Amino acid sequence: MGLDGLLIPGGESTTISLLASKQKLFEPITTAIAQGLAVYGSCAGMIMLADRVLDGRVDRPSFGGIDIDVRRNAFGRQVDSFEAKLELPVLGGEPFPAVFIRAPWVERIGGGVEIIARLARQNDGDPAGRIVAVRQGRLLATSFHPELTGDRRIHEYFLRIVRGEV
Amino acid sequence: MDVVDATQAKIAEDAGAVAVMALERVPADIRAQGGVARMSDPEMIEGIQEAVSIPVMAKARIGHFVEAQILQSLGVDYIDESEVLTPADTANHIDKREFTVPFVCGATNLGEALRRITEGAAMIRSKGEAGTGDVSNATTHMRKIRGELARLSSLPQDELFVAAKDMQAPYDLVVEVAQAGKLPVVLFTAGGIATPADAAMMMQLGAQGVFVGSGIFKTGDDNPTEAVRNERAAARAKAIVEATLHFDNPDVIAKVSRNLGPAMVGINVDEIPEPHRLAQRGW
């Protein structure tokens with residue numbers, strides 16, 4: 001594809017999947033992922049990078065690539081959106097301000113998947129400890145939107161993956 | 001896309017809509033039938049929430065904060081405080097900062113947009129004239145907002161005080177917008193969009209997305225069966241999505257504009273008496 005890396009942003013995974021098929025981008029992207037393209041997916045992008053999607057439409061497949069089970073809208077609808085500070089050891093330094101909007105979470109990970117962040121939030125019980133950022137090889141995925149806070153460390157980390165530095 | 005039942009919601013989702021607006025009557029019907037237009041039946045909204053996996057929006061009357069409370073309690077993903085419904089308060093809009101659900105509001109100019117953002121709107125749509133199929137007002141409002149943004153960002157610092165006064169918007173927000181050259185929230189367009197070309201024109205004028213209301217399911221057919229109507233609506237919805245996506249590619253827009261059947265017959269905005277113009281509701 002002539003790309004060093006690809007960002008799959010937030011949005012609606014149902015719509016992204018549909019439009020990727022219609023625009024004949026589905027096969028080129030899955031092929032590029034299989035060939036080792038560096039890809040970062042946030043929110044809906046995480047869903048698109050997951051090998052298995054729970055609560056999604058079966059006729060709207062994901063690209064896959066990361067050996068995880070992801071639950072769509074896991075935290076609830078729009079009104080359940082929230083912000084949280086996350087410890088991300090790979091970034092070091094201050095906790096990362098993360099914005100979760102109709103966000104997915106990771107329910108199960110396969111062998112080659114590295115957990116980048118878990119939710120530490122102590123609230124109604126269930127979301128606490130959920131996996132919200134993962135990496136497998138050159139693929140990176142977060143449940144949250146790092147672009148809404150002005151903290152660039154996730155994007156910088158992804159650029160280091162693209163350049164093969166980490 | 002505006003939808004009135006689960007079938008239409010699925011058509012919109014399959015066409016590539018990123019959200020649906022759950023309504024009992026689309027604006028064209030509200031206009032035709034008259035009377036007071038209110039929030040939709042929660043039962044109907046929930047039916048649509050269950051039918052689709054994309055976000056569901058719903059409308060509350062301008063200033064009707066209890067309708068907004070109900071919609072928030074239903075878990076809708078966005079509330080449209082909308083001039084398409086009959087305003088419930090002739091002076092105040094809803095204090096949207098009191099809610100966790102985000103709001104979208106209409107605006108005909110930059111000052112109106114900034115007042116809505118101050119009240120807590122998370123998204124602005126230019127108003128247009130809903131339910132007409134006449135895109136001229138949407139064009140006017142998008143050009144107006146775009147022009148005022150350009151003018152504001154060209155003003156020297158010491159003229160921003162008067163600019164804030166003239167626009168009846170808070171000074172700090174005016175300064176922020178003048179520096180950024182754009183709104184601090186997303187700007188969509190709405191009202192009178194009936195064809196793929198209409199949608200693409202709004203995008204070329206600077207909209208970041210398009211609301212399509214009556215234009216999908218109210219096409220200009222002479223009493224088709226429901227199946228035929230839904231089939232045509234699906235084709236039109238898909239075409240409008242494609243045109244919005246490829247708004248700067250006339251070849252694609254030309255291709256998707258073929259064989260869509262008659263667009264909604266529509267009403268020329270000029271022929272609507274002033275008191276019945278929806279875009280003038282809200283202030």
Side-chain angles (χ1 to χ4, degrees), chain A residues 8-26 29 42-48 50 52-62 70-84 99-105 121 123-124 127 145 147-150, chain B residues 1 9-20 45-46 48-58 68-80 96 98-104 122-123 180 184-186 208-209 234 237-246 249 252 255-256:
Chain A
I8 307 178
E12 274 308 309
S13 55
T14 312
T15 311
I16 293 174
S17 173
L18 174 73
L19 294 180
S21 303
K22 271 192 175 173
Q23 308 302 319
K24 301 190 170 48
L25 282 170
F26 204 93
I29 291 175
S42 61
C43 197
M46 170 187 257
I47 296 170
M48 292 307 297
R52 289 163 303 277
V53 180
L54 310 169
D55 288 346
R57 281 178 54 166
V58 285
D59 57 338
R60 297 283 176 260
S62 60
V70 156
R71 186 170 297 280
R72 220 176 150 273
N73 294 351
F75 295 95
R77 304 191 69 97
Q78 186 81 44
V79 290
D80 303 305
S81 300
F82 63 96
E83 295 176 26
V99 181
F100 294 81
I101 304 172
R102 285 169 59 95
W105 68 39
R121 198 167 75 120
N123 61 356
D124 328 77
H145 291 263
E147 77 281 6
L148 294 175
T149 58
Chain B
M1 289 180 193
K10 285 211 181 75
I11 290 172
E13 181 179 56
D14 286 339
V18 290
V20 290
I45 294 169
E46 276 181 351
I48 288 174
Q49 285 176 315
E50 281 159 22
V52 293
S53 70
I54 55 176
V56 176
M57 300 180 157
Q69 289 165 4
I70 293 168
L71 292 175
Q72 176 163 288
S73 127
L74 293 176
V76 303
D77 297 296
Y78 243 94
I79 296 176
D80 184 358
K96 293 164 274 288
E98 295 295 308
F99 292 80
T100 54
V101 62
F103 280 74
V104 56
M123 179 179 191
V185 301
V186 285
Q208 292 165 299
K238 280 182 190 153
I240 290 179
V241 168
E242 294 264 329
T244 305
L245 193 62
H246 298 285
N249 186 339
V252 173
K255 190 169 144 233
V256 302

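Here the structure is a predicted model, which is why all the values come from computation and not from measurement.
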Kindly check if the number of other-residue, nucleotide or ligand heavy atoms within 6.0 Å of NZ (B/Lys255) is above 12?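 It does not: B/Lys255 NZ has 12 such atoms or fewer within range.
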Over all atoms of both residues, closest heavy-atom pair of B/Val185 and B/Ala122: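 Closest pair (atom of B/Val185, atom of B/Ala122, distance): CB-O, 3.4 Å.
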Which heavy atom of B/Ala15 sits nearest to which heavy atom of B/Ala237, and what is that distance?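 For B/Ala15 versus B/Ala237, the nearest heavy atoms are CB-CB, 3.5 Å.
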A/Gln78 versus chain B, the contacting section by heavy-atom distance below 4.5 Å: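 It is both, since atoms from each part get that close.
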So for A/Arg57, is it side chain, backbone, both, or neither that comes closer than 4.5 Å to the heavy atoms of chain B?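 A/Arg57 touches chain B through side-chain heavy atoms alone.
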Is chain A contacted by the side chain of [X], its backbone, both, or neither, given a heavy-atom distance below 4.5 Å?
X       : result
B/Val56 : both
B/Ala19 : neither
B/Glu13 : both

Below 30° counts as parallel, above 60° as perpendicular, anything between as tilted: where do the rings of A/Phe75 and A/Trp105 land?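 A/Phe75 vs A/Trp105 ring planes: perpendicular.
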Is it the case that A/Arg72 and A/Ser13 place a side-chain donor and acceptor less than 3.5 Å from each other?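 Side chains of A/Arg72 and A/Ser13: pair found under 3.5 Å.
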